[in-house]
Trainee: 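Below you'll find the structure I mean.
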Amino acid sequence: MGARLRVFLTSEQNKTLLNLRTADVPQKVKDRAEVIRLNAHGWYVEKIADHFNWTSQTVREVLHKWQELGIQGLWELPGRGGKPKWTEVDIVFLEECLKKEPRTSIPLPK
């Protein structure tokens, strides 16, 4: 077994991670921030994994990302796949067209 994985936080980093608990961010980001704080407070990877019902490898990945990227490592990178092709201008244009075109209006029941 290798050396224990442990991060150390400054008081400012700890405060920032603590504030993420109440911030308007995805739950995954909040969980990752808490993982880092628990590790900095002496919790072992296995205990954190049990607490979150994660694998030990997932906890290690979060801690390694923190060490490499800092707070940016808490967020997910944009995924692969097709990106939206419609812009806000396109949607507004279509809505206006639908309002003007009589064939798209729904007849009201009599």
Side-chain angles (χ1 to χ4, degrees):
M1 182 158 114
R4 291 279 181 188
L5 184 56
R6 180 86 188 265
V7 296
F8 297 94
L9 301 175
T10 65
S11 60
E12 189 62 34
Q13 288 173 324
N14 188 50
K15 185 186 242 182
T16 300
L17 292 173
L18 185 61
N19 288 338
L20 283 176
R21 292 172 75 185
T22 57
D24 187 24
V25 295
Q27 185 62 44
K28 284 183 177 184
V29 173
K30 293 177 182 184
D31 290 345
R32 291 173 186 148
E34 190 62 19
V35 163
I36 294 162
R37 290 187 69 246
L38 290 174
N39 182 265
H41 283 77
W43 285 39
Y44 292 133
V45 168
E46 295 79 11
K47 185 175 179 182
I48 297 170
D50 287 342
H51 180 72
F52 281 93
N53 199 23
W54 292 359
T55 65
S56 295
Q57 184 59 36
T58 303
V59 174
R60 284 188 190 93
E61 287 173 7
V62 169
L63 296 173
H64 283 300
K65 275 193 175 183
W66 171 260
Q67 289 175 329
E68 293 170 18
L69 303 172
I71 198 157
Q72 284 91 14
L74 300 179
W75 277 264
E76 304 219 346
L77 295 174
R80 299 180 343 194
K83 304 296 181 254
K85 293 178 175 59
W86 294 91
T87 63
E88 186 65 30
V89 174
D90 296 330
I91 302 297
V92 170
F93 173 76
L94 287 173
E95 287 174 345
E96 291 302 317
C97 288
L98 290 172
K99 288 177 187 173
K100 294 176 185 174
E101 177 61 47
R103 291 180 290 175
T104 60
S105 62
I106 300 172
L108 296 173
K110 295 180 181 181

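Model, not experiment: these values are computed from the prediction.
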Trainee: With a cut-off of 6.0 Å (strictly less than), are more than 12 heavy atoms of other residues, nucleotides or ligands near CZ of R6?
Mentor: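 Enclosed.
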Trainee: Locate the shortest heavy-atom distance separating R37 from L9; write the atom from each residue and the value.
Mentor: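 Nearest pair, atom of R37 first, then L9: CA-CD1, 4.2 Å.
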Trainee: What I want to find out is whether E96 reaches K99 closely enough, with some N-O distance under 4.0 Å, to be called a salt bridge.
Mentor: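 Here E96 pairs with K99 in a salt bridge, since their nearest N and O are under 4.0 Å apart.
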Trainee: Between I36 and L74, is there a side-chain heavy-atom distance shorter than 4.5 Å?
Mentor: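 In short, these two side chains touch, coming nearer than 4.5 Å.
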Trainee: To the nearest 0.5 Å, how far apart are CG in L5 and OG in S56?
Mentor: 11.0 Å
Trainee: Report the distance from atom CG of L69 to atom CD1 of I71, rounding to the nearest 0.5 Å.
Mentor: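 These two atoms lie 11.5 Å from each other.
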Trainee: Salt bridge (charged side-chain N to carboxylate O under 4.0 Å, His left out) with R60: which residues, sequence neighbours excluded?
Mentor: E46
Trainee: Could you list all the side-chain hydrogen bond (donor to acceptor under 3.5 Å, both in side chains) pairs where at least one residue sits in residues 61-79, not counting sequence neighbours?
Mentor: K28-E76, R32-E76
Trainee: Spell out, yes or no, whether V45 and V7 are grouped together once hydrophobic residues are joined by side-chain heavy atoms under 4.5 Å, including indirect joins.
Mentor: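 Cluster IDs for V45 and V7 match.
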Trainee: I need the minimum non-hydrogen distance between Q13 and F8, along with the two atoms involved.
Mentor: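 Shortest heavy-atom contact: OE1-O, 3.9 Å.
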Trainee: Using modelled atom types only, decide if a donor and an acceptor are shared between the side chain of E34 and the backbone of D31 within a distance under 3.5 Å.
Mentor: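 No, because the side chain of E34 does not come within donor-acceptor range (under 3.5 Å) of the backbone of D31.
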Trainee: Which heavy atom in L20 sits nearest to a heavy atom in A33, and how many Å separate them?
Mentor: CD1-CB, 3.9 Å
Trainee: Could you check whether any side-chain heavy atom of P26 comes within less than 4.5 Å of a side-chain heavy atom of V29, counting everything from C-beta outward?
Mentor: yes
Trainee: Are F52 and V25 connected in the hydrophobic side-chain network, where two residues link if heavy atoms are under 4.5 Å apart?
Mentor: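 They do share one cluster, since a chain of ILVMFWY contacts under 4.5 Å joins F52 to V25.
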Trainee: Could you go through the side chain to side chain contact (heavy atoms under 4.5 Å, CB included) check for W54 and I48 one step at a time?
Mentor: CA-CA 8 Å; W54 292 359; I48 297 170; 5.8 Å; no
Trainee: Can you name the residues that form a side chain to side chain contact (heavy atoms under 4.5 Å, CB included) with D90, not counting sequence neighbours?
Mentor: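 Scan of D90 (side chain to side chain contact (heavy atoms under 4.5 Å, CB included), adjacent residues dropped) gives W86, T87.
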Trainee: In Å and rounded to the nearest 0.5 Å, what is the NZ to CG distance from K47 to L38?
Mentor: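 With rounding to 0.5 Å, NZ (K47) is 8.5 Å from CG (L38).
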Trainee: Determine whether more than 12 heavy atoms belonging to other residues, nucleotides or ligands lie under 6.0 Å from atom NZ of K83.
Mentor: yes
